[in-house]
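For reference, the structure is listed below as structure tokens.
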Amino acid sequence: MKLLIATGGTGGHIYPALALAEAAKKRYSDLELLFIGNDDRMETTLIPQAGYAFRSLHTSGLVGNIVQKAEAIVQMVKAKHQAVQIIKEWQPDVVMGFGGYVSAPVILAAHSLHIPTLIHEQNSVAGASNKLAARYADGIVICYERLLETFDPKKTRLLGNPRASSALQVPFNREYYRSLYLREDKPLILVVMGSLGSTSINEIMCEALPKVKSDAQILFVCGKNNKEEVMKRLPDDHHLHVVEYVSQLEIMEKVDLIICRAGATTAAEITALGTPAILIPSPYVAHNHQYYNAQVLCKHKAAFMIEEKDLNSETLNAKIQLISENKALQKQMREAAKQLGFPNASEDILDWIDEMKR
């Protein structure tokens, strides 16, 4: 099996692609795998670090003024020609795009060469690159049912995010859990807003978390280079622990409630694991897609949402107390989350890839 994967720009596009790659390694003894990404984004580091062959193209989004958009179109045309050469040279059985602007020219190139193509849309609102690529792709994988209204339902399957499969395969790390000074006999509330954290939300958390009326211990992941400033503002409280980063999946088995953003990877993981959540979607993402991701979970009673504009000590603590003090509600949220999860996402996508190869 020769599989080419195009992805890039953000972790939301890259991590699901890497998760599928790991599943493919386990399935195919003869696997040859090549990634194509942007030449100036995080994939240039992440993908080679994961041990995969990587080729780069230069692309950018159709944003800005007329001149910038024209430049982006020229870059895409050039990137497509370069992708054609890579595909001719490498001869993949199937090409799969995971979004980001680099995906579209690769899918268009594969289509022009009559190579079977799949795209994967992680969010509940389709990205611009996938909207373009969808016209030429042979198959479209989605994670939210509402996208059946966006894409051609005849070639679209609701199979989920490969990160869901990965989340279930990471075992609880007791030694690591204890190294965070956490106790296994107490409930745990995890507060995490991404690897870089959020300055504005950190300020609110510094006010809100010391007022939480709960027996739970709280692990507050404040983001890179933020710990010193956060510690100055927090009281010395034995139930409140602050770290810059956490290997989240290694402790998720013990998390009773997570307070987090609503990105595609996060949504995939918490639904696969059945973790009750308070979602604070970032308003600074394309098409406000985190809000719509969160809306789906809330509609199915798997989570609660607080928009950032409404976030304060009172609104947060009201939701924390509502969940923490109601075991029946916690059980309902876990069950509802799991019903939205796709634990077999990776295998189901690879099954479709096998169909396409045949």
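Below, all heavy atoms of this structure are taken into account, side chains as well, without hydrogens, waters or symmetry copies. Being a predicted model, the structure only gives us computed values, none of them experimental. We number each residue from 1, following the sequence as shown.
Atom CD of Gln49 and atom CD of Glu43 lie 12.5 Å apart (nearest 0.5 Å). To the nearest 0.5 angstrom, Cys260 atom SG is 9.0 Å from Gln290 atom CD. Interatomic distance, CE of Met333 versus SG of Cys298, reported as 8.0 Å (0.5 Å rounding). Rounded to the nearest 0.5 angstrom, Lys25 NZ and Leu33 CG are separated by 9.0 Å. Atom CD1 of Ile349 sits about 8.0 Å away from atom CG of Leu118, to the nearest 0.5 Å. To the nearest 0.5 Å, atoms CD (Glu22) and CG (Leu20) are separated by 10.0 Å.
Under a 3.5 Å cut-off, the side chain of Glu244 and the backbone N or O of Cys222 do not form any donor-acceptor pair. A donor-acceptor pair is defined here as one N or O able to donate and one able to accept, closer than 3.5 Å; no such pair exists between the side chain of Gln85 and the backbone of Gln82. When atom types are taken as modelled, the side chain of Ser165 and the backbone of Ala345 share a donor-acceptor pair closer than 3.5 angstrom. Side-chain N or O atoms of Ser124 include one that pairs as donor or acceptor with a backbone N or O of Asn293 at under 3.5 Å. Distance alone, capped at 3.5 Å, is enough to place a donor-acceptor pair between the Asp256 side chain and the Leu188 backbone. The closest donor-acceptor contact from the side chain of Lys80 to the backbone of Leu108 lies at 3.5 Å or more, if one exists at all. Between the side chain of Asn38 and the backbone N or O of Arg41, no donor-acceptor pair lies under 3.5 Å. Formation of a donor-acceptor pair under 3.5 Å by the Glu121 side chain with backbone atoms of Cys143 is not found in this model. Using modelled atom types, one side-chain atom of Ser324 and one backbone atom of Ile320 make a donor-acceptor pair closer than 3.5 Å. The backbone N or O of Leu322 lies less than 3.5 Å from no partner atom in the side chain of Asn326, so there is not a single donor-acceptor pair.
Remark: Lys186 NZ is packed, more than 12 non-hydrogen atoms of other residues, nucleotides or ligands lying under 6.0 Å away. Within 6.0 Å of NZ on Lys301 lie no more than 12 heavy atoms contributed by other residues, nucleotides or ligands. For Tyr181, the OH atom counts as loosely surrounded, since its 6.0 Å shell holds 12 or fewer non-hydrogen atoms of other residues, nucleotides or ligands. With a 6.0 Å radius and a threshold of 12 heavy atoms from other residues, nucleotides or ligands, Glu145 has its CD atom at or below the threshold. Within a 6.0 Å radius of NE2 in His81, no more than 12 heavy atoms belonging to other residues, nucleotides or ligands are found. Surrounding NZ of Lys2 are more than 12 heavy atoms belonging to other residues, nucleotides or ligands, all under 6.0 Å away. At most 12 non-hydrogen atoms from other residues, nucleotides or ligands lie less than 6.0 angstrom from OH of Tyr292.
With contacts defined as side-chain heavy-atom distances shorter than 4.5 Å, the pair Gln217/Ile189 does not qualify. Residues Leu3 and Glu32 are not in side-chain contact: their nearest non-hydrogen atoms beyond the backbone lie 4.5 Å or more apart. Side chains of Asn202 and Phe220 form a contact here, defined as non-hydrogen atoms less than 4.5 Å apart. Considering only heavy atoms from C-beta on, Arg183 stays 4.5 Å or farther from Arg178 through its side chain. Residues Met76 and Leu132 have side chains in contact (heavy-atom distance under 4.5 Å, counting atoms from C-beta outward). In this structure the side chain of Tyr52 never reaches within 4.5 angstrom of the side chain of Ile5, judged on heavy atoms. Within the 4.5 Å cutoff, the side chain of Val125 has heavy atoms near those of the Arg146 side chain. Residues Tyr176 and Leu180 meet the side-chain proximity criterion, which asks for heavy atoms closer than 4.5 Å.
Under the side chain to side chain donor-acceptor pair (under 3.5 Å) criterion, Asp138 pairs with Thr117, not counting sequence neighbours.
Transitive grouping of hydrophobic side chains (ILVMFWY, heavy atoms separated by less than 4.5 Å) keeps Ile204 and Met305 in distinct clusters. Criterion: ILVMFWY side-chain heavy atoms under 4.5 Å apart, direct or through other members. Under it, Leu249 and Leu182 are part of a common hydrophobic cluster.
Under a cutoff of 6.0 Å and an axis angle of 45°, Lys254 and Phe172 form a cation-pi pair.
Considering all non-hydrogen atoms of both residues, Gln330 and Pro276 come closest at O-CG, 4.0 Å. Here the closest heavy-atom approach between residue Gly11 and residue Pro16 is recorded as O-CD, 3.6 Å. Leu234 and Pro210 get closest at one heavy-atom pair: CD2-CG, 3.8 Å. In terms of heavy atoms, Ala277 sits closest to Ile270 at CB-CD1, 3.8 Å. Residues Ala336 and His300 share a closest heavy-atom pair of CB-O, 3.2 Å. Scanning all heavy atoms of the two residues, the minimum distance from Met193 to Ile280 falls at CE-CD1, 3.7 Å.
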Point to revise | Worked verdict on Met252 versus Gln248 for side chain to side chain contact (heavy atoms under 4.5 Å, CB included) | key: CA-CA 6 Å; Met252 283 297 284; Gln248 190 169 311; 3.8 Å; yes

Practice item. Let me see the working for Val191 and Val221 under side chain to side chain contact (heavy atoms under 4.5 Å, CB included), right down to the final yes or no. Key: CA-CA 6 Å; Val191 183; Val221 185; over 6 Å; no

Practice item. Check the pair Glu314, Lys211 against salt bridge (charged side-chain N to carboxylate O under 4.0 Å, His left out), reporting the backbone distance first and the verdict last. Key: CA-CA 9 Å; Glu314 289 73 28; Lys211 300 177 183 178; 5.1 Å; no

Review point. Under the side chain to side chain contact (heavy atoms under 4.5 Å, CB included) criterion, do Gln321 and Val212 qualify, and how do the steps go?
Key: CA-CA 8 Å; Gln321 277 191 263; Val212 172; over 6 Å; no

Check your understanding: side chain to side chain contact (heavy atoms under 4.5 Å, CB included) between Val141 and Asp348: does it pass, once the steps are laid out?
Key -> CA-CA 10 Å; Val141 178; Asp348 290 341; over 6 Å; no

Exercise for review: Go through the steps to decide whether His13 and Phe98 satisfy the test ring-ring contact (aromatic ring centres under 6.0 Å, His included), and finish with yes or no.
Suggested key: CA-CA 6 Å; His13 298 306; Phe98 274 83; 9.0 Å; no

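Across Leu311, Leu279, Asn312, Ile259, a single residue satisfies side chain to side chain contact (heavy atoms under 4.5 Å, CB included) together with Ile306, and that is Leu311. Among Lys357, Arg27, Arg157, Arg358, the single residue meeting the salt bridge (charged side-chain N to carboxylate O under 4.0 Å, His left out) criterion with Asp351 is Arg27.
Under a 4.5 Å side-chain heavy-atom cut-off, the cluster of Ile, Leu, Val, Met, Phe, Trp and Tyr residues that includes Val106 is completed by Leu4, Leu34, Ile36, Leu57, Val84, Ile86, Ile87, Trp90, Val95, Val102, Ile107, Leu113, Ile115, Ile119, Ile140, Ile142, Leu147, Leu148, Phe151, Leu158, Phe342.
With no hydrogens or angles considered, no side-chain donor-acceptor pair links Asn161 and Tyr15 at under 3.5 Å.
A salt bridge is absent between Arg233 and Glu207: the closest approach of a Lys/Arg side-chain nitrogen to an acidic carboxylate oxygen does not fall below 4.0 angstrom. Salt-bridge formation is detected for the pair Glu89/Arg55: a Lys NZ or Arg NE/NH1/NH2 atom is positioned less than 4.0 Å from an Asp or Glu carboxylate oxygen.
Taking the centre of each ring, Phe35 and Phe54 stay at or above the 6.0 Å mark.
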